[in-house]
Structure formats: structure tokens, C-alpha cells
Amino acid sequence: GDSVTQMEGPVTLSEEAFLTINCTYTATGYPSLFWYVQYPGEGLQLLLKATKADDKGSNKGFEATYRKETTSFHLEKGSVQVSDSAVYFCAPLPPGAGSYQLTFGKGTKLSVIP
Amino acid sequence: DAGVIQSPRHEVTEMGQEVTLRCKPISGHDYLFWYRQTMMRGLELLIYFNNNVPIDDSGMPEDRFSAKMPNASFSTLKIQPSEPRDSAVYFCASQGTNFPGVAFFGQGTRLTVV
């Protein structure tokens with residue numbers, strides 16, 4: 001079945017630093033790809049997504065590009081803020097009709113210090 | 001819509017007691033998922049429903065766990081009898097048919113079994 005590997009955390013950055021969180025996946029065919037974010041004490045929420053190769057998802061200054069050749073979907077942000085401190089989850093969704101079951105990575109905890 | 005609503009937010013119970021967690025999905029969403037989150041195991045899918053019918057319960061840890069969805073606006077996850085190793089945060093999430101992979105999570109129920 002599908003699987004996803006995220007870089008291990010925790011990641012600690014100073015405010016305004018550049019962020020990269022790596023994500024690679026194994027899947028049959030071409031899945032849709034998602035990043036979810038979990039702020040302290042809350043449930044996960046969708047951050048961004050990409051549904052086909054070379055698509056770039058973006059939201060709140062975060063970006064990720066669907067790289068078919070490297071089966072990757074790395075999350076980036078040019079200048080992090082303290083409010084970005086959270087746990088980030090990469091999740092592929094298998095292709096095909098009737099596919100709704102996300103496979104979540106283990107999550108990468110980001111702490112941004114002033 | 002108020003989003004996915006879970007209750008209670010916190011539950012502390014003694015080992016051996018029955019615990020019932022509740023979830024109200026977003027109106028119109030046809031898919032409902034139950035997840036468990038722990039530090040050791042991350043986010044695990046327990047079971048999911050489509051149109052109130054259980055589709056995949058392979059993630060349910062053992063017979064002590066059961067889930068029902070009697071109608072489109074309500075689901076329960078029951079643990080009987082509860083054990084200390086069941087202590088975790090339990091999340092409910094829903095998805096709409098037209099947006100596969102776009103999941104809306106509740107705020108979770110933090111269960112502590114002592």
C-alpha cells in the first residue's frame with residue numbers, strides 16, 4: 001500500500017528563517033498530495049494540496065511542488081513566524097474514484113523562536 | 001457550519017469502565033473517519049464510514065473497540081472495557097464526496113484511562 005516518509009523532527013528555527021520539511025512517498029500510480037497542519041491542542045487542518053505532477057500548492061506563505069520524478073512533496077516557507085509553530089503532516093491520497101483514505105506521515109514538529 | 005464537533009473534549013475514566021466518544025460531522029459530508037493519536041504511534045486510522053456504512057475497520061485495535069453511525073449526523077466510538085493503553089487523543093474527521101482528501105477534523109477527545 002501507499003506510504004509516506006517525512007523528515008524527523010523536531011525542527012527548531014529562528015523567526016524569519018527558511019523552512020523545508022521533506023516528504024517522499026511510495027504509491028501505485030499518481031496520488032494526490034496534501035500537507036496538513038496541527039496547531040497545539042487542535043485537530044489537523046488542510047494547509048495545501050496538489051493533484052498532479054508539477055502542480056504547486058500554496059497557502060499562508062507555504063509552498064510545495066508535486067515532483068513525480070523524485071516522488072516528493074517538500075514543504076517550504078521563505079520566512080517562518082512564531083505562529084507557524086505546529087506539527088506538519090504529509091499525506092498522499094491514492095488515485096482513483098472512491099479514494100478518500102489519506103495515509104498520514106508521522107508528522108514533523110516545528111518550533112519557531114523569536 | 002460549526003465544523004466537526006466532538007464530545008467530550010476531555011475524558012478521564014478508570015480502567016474497566018465503558019467510554020463513549022461522540023462526533024457530529026459537517027452537514028452534507030458523506031465520509032466520516034475515526035483516528036487515534038499518540039506520541040508513540042502517531043496518527044492511526046481506526047475506521048471509516050461512507051453514507052453511514054462502515055467501509056474499513058481494519059485499524060480497530062481489538063474487539064473492545066466498536067464504532068457506529070446511526071445517521072448522517074452522528075457517530076460514536078465505544079471502548080468497553082477501557083485500559084490504560086487506550087489513553088490517547090481521538091479525532092473524528094469528515095470529507096465531502098466532491099473533495100476527496102480534503103478532511104475537516106474535530107478538536108479531538110483526550111482520553112485518559114487510569
Side-chain angles (χ1 to χ4, degrees), chain A residues 1-10 21 23 25 27 29-52 55 57-59 64 66 73 86-110, chain B residues 1-10 21 23-26 28-51 53-60 88-110:
Chain A
D2 293 4
S3 66
V4 56
T5 302
Q6 286 184 234
M7 63 184 287
E8 295 223 2
I21 299 178
C23 170
Y25 64 90
Y30 299 108
S32 296
L33 300 170
F34 298 80
W35 276 100
Y36 278 79
V37 59
Q38 183 179 28
Y39 298 103
E42 298 184 10
L44 281 69
Q45 55 185 271
L46 178 65
L47 180 61
L48 54 82
K49 66 174 184 172
T51 56
K52 60 184 188 297
D55 266 3
S58 62
N59 186 24
Y66 190 139
F73 193 52
V87 181
Y88 293 82
F89 295 87
C90 183
L93 180 73
S99 177
Y100 291 82
Q101 187 174 336
L102 292 159
T103 300
F104 287 97
K106 293 187 181 298
T108 303
K109 184 175 182 179
L110 170 67
Chain B
D1 202 313
V4 176
I5 300 173
Q6 292 187 245
S7 64
R9 288 295 309 278
H10 303 273
L21 312 181
C23 174
K24 179 180 177 0
I26 291 174
H29 280 189
D30 298 324
Y31 288 83
L32 184 140
F33 301 79
W34 282 101
Y35 294 90
R36 178 172 68 176
Q37 186 177 40
T38 61
M39 289 292 292
M40 292 297 294
R41 302 170 73 96
L43 195 65
E44 303 172 277
L45 175 65
L46 301 178
I47 185 172
Y48 79 95
F49 296 82
N50 175 219
N51 290 326
V53 176
I55 302 301
D56 185 350
D57 65 353
S58 60
M60 295 286 262
V89 181
Y90 291 81
F91 288 103
C92 175
S94 68
Q95 291 186 36
T97 301
N98 293 333
F99 299 95
V102 180
F104 292 81
F105 282 73
Q107 291 197 292
T109 295
R110 180 173 295 277

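Chain letters run A, B, ... following the sequence lines, proteins first and then strands; every chain starts at 1. All figures in this text were calculated on a predicted structure; none of them were measured in a lab.
- Phe104(A) is not listed as a side-chain neighbour of Gln37(B), based on a closest heavy-atom distance of 4.5 Å or more.
- Within the 4.5 Å cutoff, no side-chain heavy atoms of Leu44(A) are placed close to those of Tyr35(B).
- For the atom pair Phe91(B) CZ and Glu42(A) CD, the distance stands at 9.5 Å (nearest 0.5 Å).
- Within the 4.5 angstrom heavy-atom criterion, atoms from both the backbone and the side chain of Tyr100(A) approach chain B.
- For the pair Leu45(B) and Thr103(A), the minimum side-chain heavy-atom distance is 4.5 Å or more.
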(request) Before giving the answer on side chain to side chain contact (heavy atoms under 4.5 Å, CB included), spell out for Leu102(A) and Phe33(B) the whole-Å C-alpha distance, their side-chain angles and the decisive distance to 0.1 Å. (result) CA-CA 10 Å; Leu102(A) 292 159; Phe33(B) 301 79; over 6 Å; no
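- Looking at Asn50(B), there are no atoms closer than 4.5 Å to chain A (heavy atoms on both sides), in backbone or side chain.
- Contact annotation for Glu44(B): neither backbone nor side-chain heavy atoms come within less than 4.5 Å of a heavy atom of chain A.
- Considering OH of Tyr36(A) and CG of Leu43(B), their distance stands at 11.0 Å, rounded to 0.5 Å.
- Chain A forms more heavy-atom pairs under 4.5 Å with one residue of Asp56(B), Thr97(B), Ile55(B), Val89(B) than with any other, namely Thr97(B).
- Interface remark: Ser32(A) contributes no atoms to any contact with chain B (heavy atom separation under 4.5 Å).
- By the 4.5 Å heavy-atom criterion applied to side chains, Phe104(B) and Leu46(A) are not counted as neighbours.
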(request) List the steps and the verdict of side chain to side chain contact (heavy atoms under 4.5 Å, CB included) for Gln101(A) and Tyr48(B). (result) CA-CA 8 Å; Gln101(A) 187 174 336; Tyr48(B) 79 95; 3.1 Å; yes
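- Only the side chain of Arg9(B) comes within contact range of chain A, with heavy atoms under 4.5 Å apart.
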